[in-house]
Amino acid sequence: MSTAVRVALPVPLPTLFDYLPPAVGQVAAGQRVLVPFGRGRQVGIVVDAAATSELASARLKPVLQVLDDAPLLDAELLRTIGWAADYWLGAPGEAFAQALPLALREPRPLPDTVEEYWHLTPAGLQERASGRRRGGSLALLDRLADGPRQADGLTAELPDWRSAARRLAAAGLVERCPPPASPAQPRAPAGPALSAEQREAVAAVGEAFGRFQPFLLDGITGSGKTEVYLALIEQALAEGRQSLLLVPEIGLAPQTLRRLRERLGVPIEVLHSNLAEGDRARSWLRARSGEAKVVLGTRSAVFTPLPHAGLILVDEEHDASYKQQEGFRYHARDLALVRARELGVPIVLGSATPSLETLANAASGRFRTLRLRARPGATRPAPQVQIVDVRAQHLDHGLSPALLTAVRETVARGEQVLVFRNRRGYAPVLLCHACGWHADCPRCERPMTLHAGQRQLRCHHCDRRAPVPSHCPACGAGALWPQGQGTERLEEALGALFPEVPVRRIDRETTRRRDAFEHLLEELQQDGPAILVGTQMLAKGHDLPRLTLVAIVSVDEGLHSVDFRAGERLAQLLVQVAGRAGRAERPGRVLLQTHHPEHSLLRTLLASGYGAAAATLLAEREAVQLPPYSHQILLRADAHGRGDVDAFLAAAADALPADPEVQLAGPMPAPMPLRAGRHRGQLLLESTSRARLHAVARPWRLQLGALPPSRRVRWSLDVDPIDLY
Ligand code: ADP
Ligand code: ZN
Ligand code: ZN
C-alpha cells in the first residue's frame with residue numbers, strides 16, 4: 001500500500017494506472033501528465049492525485065512531467081466521464097481520450113486560445129519600401145503589407161515563414177499582434193413573436209434555470225422548436241450563462257448555425273469531428289475558459305467543459321447518430337442528461353418524433369413534456385399524407401401513375417418535389433433472368449448494389465467493389481437485369497420523364513465533397529421547379545421552402561425487418577421526410593407508395609399521427625419486455641474462423657455468473673453472420689433491472705479479456721445497443 005497518483009491512459013484496458021507523484025511540483029486531479037508506459041510514454045489525465053495504491057511504492061514509477069498549470073478537466077467533467085466509463089463499460093482511458101480534442105492529447109502545453117496574428121511595425125513598412133530585403137524575408141514583408149495575417153494562413157502560403165519572422169522580429173520589423181477586431185456583430189434582429197405554445201415552453205424551462213430538470217419538447221416538424229431554443233439561449237446569455245446545443249450532424253445543420261449567428265449576435269463555438277484539430281482544441285478551450293457562451297456541436301461536443309453552464313439542448317434527440325458505434329460506445333443524449341444533473345441545469349430534448357425511450361421517461365413523469373402542436377402562422381397547415389396502393393399497378397422504374405401525375409402537376413406550378421428512396425446506387429440487386437443467379441458479395445453473402453455511373457457492383461456492407469459482368473457467371477446468358485430502384489436509377493428515370501426540369505440527386509455519393517450539399521441546398525432556395533431524389537440525408541431538419549410534394553417511393557423493406565426497432569425507425573423516418581413538405585407559405589402534400597396499404601403501423605401513423613403510432617409500439621414492447629421496459633448489453637465477437645467465435649462466446653457464456661434477474665440469449669450468430677469475410681456472433685444479456693444487469697456485467701467484463709479464446713477474436717460490449725448488428 002502506498003500513496004499514488006491515479007491516471008487514465010488512452011489504452012483499451014479496463015483499468016486506471018498508478019504512479020508515484022512527480023519529483024518536482026504539485027499534481028492535481030484533472031491535470032495532464034506524461035508518464036512512462038510499457039517501453040514508451042503516454043499522456044494521461046490525473047483522476048485522483050492522492051490515491052491509495054495496492055502496489056508497494058517500490059513497484060511504481062514516477063510521473064515524468066506535469067503538463068498543465070491548472071486542471072484541464074474540472075471536478076464535474078472528471079465525475080461525469082468516470083460515470084460514463086463505468087456505465088458504458090468502456091476502458092476509462094478511452095472515455096477520457098474521447099472527451100479531449102486530439103490536439104490536447106499530445107505532450108505539449110495548451111495552445112493559445114487567442115489566435116496568432118502578425119503584422120509589420122512602422123520600421124517594417126519602411127524596410128519593405130526600401131527594397132533591401134530579398135528571399136524569405138521579402139516574401140513575409142509582402143504578405144504582411146496589407147495588414148495583420150493569421151499564422152495558419154501564413155503557414156499555408158509560406159511554409160518557412162517562422163524563420164523569416166524570427167529574423168525580422170529580432171530587427172524590430174514584424175511582431176505578433178492581437179487579432180483584428182472582428183466586424184462588429186450586426187445588431188441581432190428580433191425573432192418572430194412567439195406563439196402561445198412556444199411562450200409556454202420557454203417559460204416552463206425558464207423557471208427551471210439554476211436546477212436540473214429534463215424536458216421533452218415534443219413538437220411537429222416546423223412547429224418552431226428552434227425558435228424555442230433561441231429564446232432560451234438568449235435568456236441564458238442574459239444571465240451570463242453558457243448553452244450547449246447538440247445536433248445530430250453538423251454537415252446537415254449549417255442552417256441552424258446561420259440562425260444562431262444572425263440572431264444571437266455573440267460568437268458561437270462549433271465543435272465536430274470535421275474541424276481542423278487546432279480549431280477544435282481552441283473552441284474547446286474557449287468553452288473551458290467561459291469565453292464561449294454558446295457551443296453548437298455533434299455527439300462528442302457533449303464532453304465540452306461548461307464552467308458557467310446554464311442550459312443543455314439536444315435537437316432531434318431520437319437520432320441514431322448520438323450513439324457512438326465503435327470504441328467507447330456512449331450515447332450523447334443520455335450522457336447529456338447526466339451532465340445536466342451534475343451541472344444542475346435544465347435540459348431540453350427536442351424532436352418531432354421522440355424515441356420510445358424518451359416517451360417512456362415522459363410517461364413515467366421523469367421528463368416533463370412540452371408540446372408544440374401547430375405550425376405558427378395559420379397559412380402553413382401540416383401536410384396531408386396519402387397512401388398510394390401500388391399492388392397490381394403498372395410501375396415505371398418503381399413509380400406509379402398517381403405519383404407521376406402528382407410530380408407533373410407540382411413542377412407545372414413551378415414548385416419543387418422530393419422523391420424519397422432510402423437506397424443508394426442504381427439497383428439493389430443484379431439478377432440473371434435466365435437462371436436466377438444474382439451478384440452476391442462473397443465476403444458478406446449479401447447482394448451487391450449496382451452502381452451504373454461507376455460501372456461497378458458495390459457491397460454496401462464491406463465496400464467491396466467489382467466490375468459489372470457482361471454475362472451471367474453461372475449460365476453464360478446475357479440477360480442480367482437490375483432489380484429494384486436506387487436513387488441513381490430514379491434520377492435517370494425522372495430525368496428522362498421530365499427533361500425540362502432540373503433533377504438533383506442528394507445522397508452520400510453526390511455530396512462527398514464537403515460543401516457540395518450546402519451548394520445543392522442553396523440552389524434549392526432559388527425560384528423555379530426542381531425534382532430532388534434523395535436518401536435519408538434529406539430527412540433531417542432542412543428548410544426547403546419551395547418543396548410542396550414529397551413522394552416516398554417505397555418503405556416496404558422497413559415493414560418486414562427482424563430488428564425490433566424497425567417500426568420505430570420507419571415511423572420516425574416517414575414523419576421526418578413528410579415534414580419537409582410545405583414548410584413555407586404553400587401547402588404540402590405527401591404520397592407514400594406501398595404494397596402493404598393495410599399494414600397497421602402505416603394505418604395508425606396516417607390516421608392518428610406519430611404519437612399514436614409510438615404509443616402502440618411502446619405497448620408492444622412492454623408486452624414482450626423489450627427496451628425501454630428491459631435493458632440490454634450485447635457482447636459481439638468476430639474472427640476469420642467461425643470456430644474461434646463460437647469458442648470465445650461459449651467461454652464468455654460460461655464465465656457469466658448465474659443471476660435469476662439476468663437472462664442470457666446465445667451464443668448465436670449475428671443477424672449478419674458474415675461481414676467483410678469475418679464470422680460474427682453475439683451474446684445478449686437482458687434484464688428488467690438495470691442495476692442487476694450492471695452488477696453482473698462489470699466483473700464479467702474484466703474476465704472476458706483473460707479468456708484464452710479472446711486472443712483470436714475481436715470483441716466488444718455494447719450497453720443499450722441501438723441495433724443488434
Ligand atoms: P422546427 O425546429 O420545429 O422544425 P423552426 O423553429 O425551424 O421549427 O420553425 C419553422 C419555421 O417557422 C421557420 O421558418 C421559423 O422561422 C418559423 N417560425 C417559428 N416560430 C414562429 C413564430 N412564432 N411566428 C412565425 N414564424 C415562426
Ligand atoms: Zn444465369
Ligand atoms: Zn461485402
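Just so it is clear, the values below take in all heavy atoms, side chains as well, and ignore hydrogens, waters and symmetry mates. This one's a predicted model, so the numbers in the text were calculated from it and none came from an experiment. For ligands, and for the atoms within them, numbers begin at 1 and follow the listed sequence.
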Item to complete: Give a yes-or-no answer on whether the side chains of R446 and H461 include a donor-acceptor pair shorter than 3.5 Å.
Response: no
Here the vertex angle at the Zn ion (ligand 3) for SG of C459 and SG of C462, given to 10°, is 110°
Side chains of T358 and E317 only: does a donor on one sit below 3.5 Å from an acceptor on the other? yes
Taking only non-hydrogen atoms of A193 and a 4.0 Å limit, the atoms of ligand 1 in range are 22 (C), 23 (N), 24 (N)
Output field for angle at the Zn ion (ligand 2), C475.SG vs C432.SG, rounded to 10°, should show 110°
Does a salt bridge link D507 with R505, judged by any charged N lying under 4.0 Å from a carboxylate O?
yes
Worksheet entry | A452 backbone acceptor or donor facing E488 side chain under 3.5 Å | yes
Quick note on ligand 1: atoms under 4.0 Å from a heavy atom of L194 include exactly 23 (N)
- Run the contact test for R375 against ligand 1 with a 4.0 Å cut-off on heavy atoms, strictly below, and give the result. no
With heavy atoms and a 4.0 Å threshold, my read on which part of E316 contacts ligand 1 is neither
Among G222, G579, G350, P192, closest by heavy atom to atom 27 (C) of ligand 1 is P192
Rounded to 10°, the SG/C441 to the Zn ion (ligand 3) to SG/C444 angle comes out at 110°
message: Between Q572 and T353, do the side chains contain a donor N or O and an acceptor N or O under 3.5 Å apart?
response: no
Of S223, S195, G224, the one whose closest heavy atom lies nearest atom 5 (P) of ligand 1 is G224
Within 4.0 Å of some non-hydrogen atom of Q198, the atoms of ligand 1 are 19 (C), 20 (N), 22 (C), 23 (N)
| Looking only at atom types and distance, does a side-chain atom of S321 sit under 3.5 Å from a main-chain N or O of P248, one as donor and one as acceptor? | yes
query = Any chance the rings of H438 and H433 have centres within less than 6.0 Å?
reply = no
